[in-house]
Structure formats: C-alpha cells, structure tokens
Number of protein chains: 2
Amino acid sequence: MARTSPDPFDHGISPFICFSVYSANLAFSRVYKPLLDELGLTYPQYLVLVALWAEDGQTVGGLGEKLFLESNTLTPLLKRLEAQGHVERTRNPGDERQVRVRLTASGRRLRESAQCVPGNILEASGMSRDSLKKLAAEVARLRGNLLAAKAPAGRR
Amino acid sequence: MARTSPDPFDHGISPFICFSVYSANLAFSRVYKPLLDELGLTYPQYLVLVALWAEDGQTVGGLGEKLFLESNTLTPLLKRLEAQGHVERTRNPGDERQVRVRLTASGRRLRESAQCVPGNILEASGMSRDSLKKLAAEVARLRGNLLAAKAPAGRR
DNA sequence: CGTTAATATATCGCGTACGATTAAATCGTA
DNA sequence: TACGATTTAATCGTACGCGATATATTAACG
C-alpha cells in the first residue's frame, strides 16, 4: 500500500513549503524596504532596475520574461520609474508594437547608490554566500517545476 | 524563440536568493489559482482558513502572528471571508479590543472540498515530499533570520 | 492588395501588503 | 479613582499581481 500517509492532513507539508516561500518573500520585502526607501524605490522597481543594469534597452516583454511578470504589472510600474526620471519608454521604430525601456543618467546613477544593498541583504539573511546560492538554486528549480506544471510542455 | 527559455536568466538577477523566493512565490500563487478558484478563495484567504482549520476561534492578532500579517491586511480579507459566509467575526466579550474569528458550517465544509489541493501542489512541485520538507525548513530558517535582522534584539 | 490572425502593450477592477493614522478598550500606577 | 500609556483592530492611501479586455501594429495568406 503506497497509500499516502495514514494522517490525511500530513498533506500539511505541501502547504508548508508554499507558506515558507510566501512568508520568506514578505520577510525579504520588509528587509529591503528601509534600504530601498532611501533610493525612493519599491522592491519590484528595484528588480526591474537590476535587470536594466544588466542589459539596458530591453522591451517590456523582455523584462517580463526575466521577471516572470506581464505588461499589466510592468506598464504602471515602468511609468512610475519614468515619472521618477530613472527610465524612458520609447516605441521601437522598427516595430511600433514594442516599447523599449532605457535607463536615464539618473537611472544609471542609482546603480552606485544601490551597491550596498546586496551586502546588507546577505548580512540580514544570516547565512553564508554559498548556502544562499545553493538555496536559491533549489528554489529556482522548484519555481521552474511549478511553472512547467502550470503551462504544460506541449505548448509552442 | 517565442518559447520561454528554460533558464531565462543566468545573468543579472539569478544570484539573488530574494528573486528566487519572489518568483517562486508568484509561481505558487499561479498554480494555486485554478484550484482555489473552484472554492472561490484567494491564496491568502486559503492560508487563513488552513490556520483556522488547525485552530478555530483565533483572534486577528493571533492569525497575524502565525501568518506574519497585520490587521491592515487581515481585516479586509476576513471581512471578505465573512461576506462569503465562511467565518464570523465577533468581539471577545472578555476583552472587547479583540476580535475572534470563527469558522461557520460553510467554512468547515470547505475543508473537505480543499483536501485535494495539497496533493495537487505536491505533484506540481515536481519534488519529493522529503525534499520539499527540507527545503521548506531551510526557507523558514532564512525567513526567521530576516525577521530577526529587521527587528533588532533590543526591542523590549 | 485586403482581410484576418497573431503579437505587444495598455487599461481596468479586485485583492492583497504595508506604512501611517485613528479609535476604542484595557492596564498601570499614583 | 483618575488618567496617561499600552494594546488591539480598523481605516486610508499607494503599489503591486493578475485575469479580462481593449487597442494598435505587424504578419500571413488568399
């Protein structure tokens, strides 16, 4: 009998991993808050800037693929970043459907001001760089599995 | 190319554990969505009910302690659960500051309808029960460290 | 060419999260 | 007992996430 465990609510463990992830994410955003407040950024805005610092001039869709977000989330966020003067959004002349997001001088300057952020997070995590790296990889693998289960493989 | 690449970003963002957690949480809520839609619940509402199924009649503050949330988030959420007829909120006669949240018959019935949920999540995770359990514990430890770093020791 | 399908972004409404504030009940202590 | 301090929820404003929909541009195909 490879029946599931005798206790029907031992299933509680699978809500447990999702709850750990859920609440750890809340905890992260709370640790980030005071750091990012000084830069006038929210946590998702910071993630977008990290992506742009790595590769400037990405499209909305390109950013969404990296961040697992869509235009309904990104467009208002990017408009706020634009209103703050950190990015500019321009239609791609070669394909007017696309919007390219480019860092302004202000957006590039923020990179320096934000240099201390990862170090602070590392310290707050109370774990070694290596443990975090391993943990991040495992969680990313879990994320991949979940997304694959969500959008079945046959799609093209 | 239209296909989402298997590992879209080994570039800028991947070293950040916070991003793995952030995006894994989004992935979880997307996997939960269709399951919980059938119950008419959101993911945070489901978490509240899980807490109440484990222990009925908790106060708003007690729920918040378990879920790492505060009344500014919980009160509207609980009102929606009440509007759906799954819980009732009553002031504690012994201390009128507190609000006790109790499951209704409808809220208890939901527990049976939701029994299939954890199994579905487990399957979607693509990982073994044991791996998930270990991972959940590590992520919970990380969460604890972050919260401890946020609220420094001197608070007493 | 013209019509239709596909693609890329934007808009809208709802439900969280959360800082800041408010209001009410209780406690501590003189 | 009186009264300021503390505790507990609730309220408000802002910013995500996201399903559903709208709009505009490009591609496909007859």
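A, B, ... follow the sequence lines: proteins, then strands. Residue 1 opens every chain.
- Residues that satisfy the side-chain hydrogen bond (donor to acceptor under 3.5 Å, both in side chains) test with B:N92, not counting sequence neighbours, are B:Q98.
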ask   = How does each nucleotide of nucleotides 16-29 of chain C score, in 5' to 3' order, for protein heavy atoms under 4.0 Å: base (B), sugar-phosphate only (S), or none (-)?
value = BBBBB----BS---
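- Following rounding to the nearest Å, A:Q58 (CD) and C:dA8 (C1') show an atom-to-atom distance of 16 Å.
- Note on B:T59: a side-chain N or O is less than 4.0 Å away from OP1 or OP2 of D:dA9.
- D:dA15 atom P lies 11 Å from atom CG of A:L81, rounded to whole Å.
- In this structure, the CG atom of B:L36 is 14 Å from the P atom of D:dC18, given to the nearest Å.
- Counting to the nearest Å, the P atom of D:dG17 and the CZ atom of B:F28 are 17 Å from each other.
- Partner assigned to C:dA30 is D:dT1, using Watson-Crick or G-U wobble distances below 3.5 angstrom.
- B:E55 meets the salt bridge (Lys or Arg N to Asp or Glu O under 4.0 Å) test with B:K66; sequence neighbours excluded.
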Side-chain polar contacts of residues 39-47 of chain A - donor-acceptor pairs under 3.5 angstrom, sequence neighbours left out - could you list them?
unit_1	atom_1	unit_2	atom_2	d
A:T42	OG1	A:Q45	N	3.2
A:Y43	OH	B:C18	O	3.1
A:Q45	OE1	A:T42	N	3.1

Atom pairs and distances, donor-acceptor, side-chain atoms in residues 101-109 of chain B, under 3.5 Å, two or more places apart:
unit_1	atom_1	unit_2	atom_2	d
B:R102	NH2	B:T90	OG1	3.3
B:T104	OG1	B:G85	O	2.5
B:T104	OG1	B:H86	O	3.1
B:T104	OG1	B:S106	N	3.3
B:T104	OG1	B:G107	N	3.2
B:S106	OG	B:H86	ND1	2.8
B:R108	NH1	B:L103	O	3.2

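- Under the salt bridge (Lys or Arg N to Asp or Glu O under 4.0 Å) criterion, B:K79 pairs with no residue at all, not counting sequence neighbours.
- Whole-Å rounding puts the A:L41 CG to D:dT14 C1' distance at 15 Å.
- No donor-acceptor distance shorter than 3.5 angstrom exists from the side chain of B:S131 to the backbone of B:M127, with no hydrogens or angles considered.
- If you take NZ of A:K79 and C1' of D:dC16, they are 16 Å apart, rounded to a whole angstrom.
- Nucleic acid contact class of B:R100 (heavy atoms, under 4.0 Å, all strands): none.
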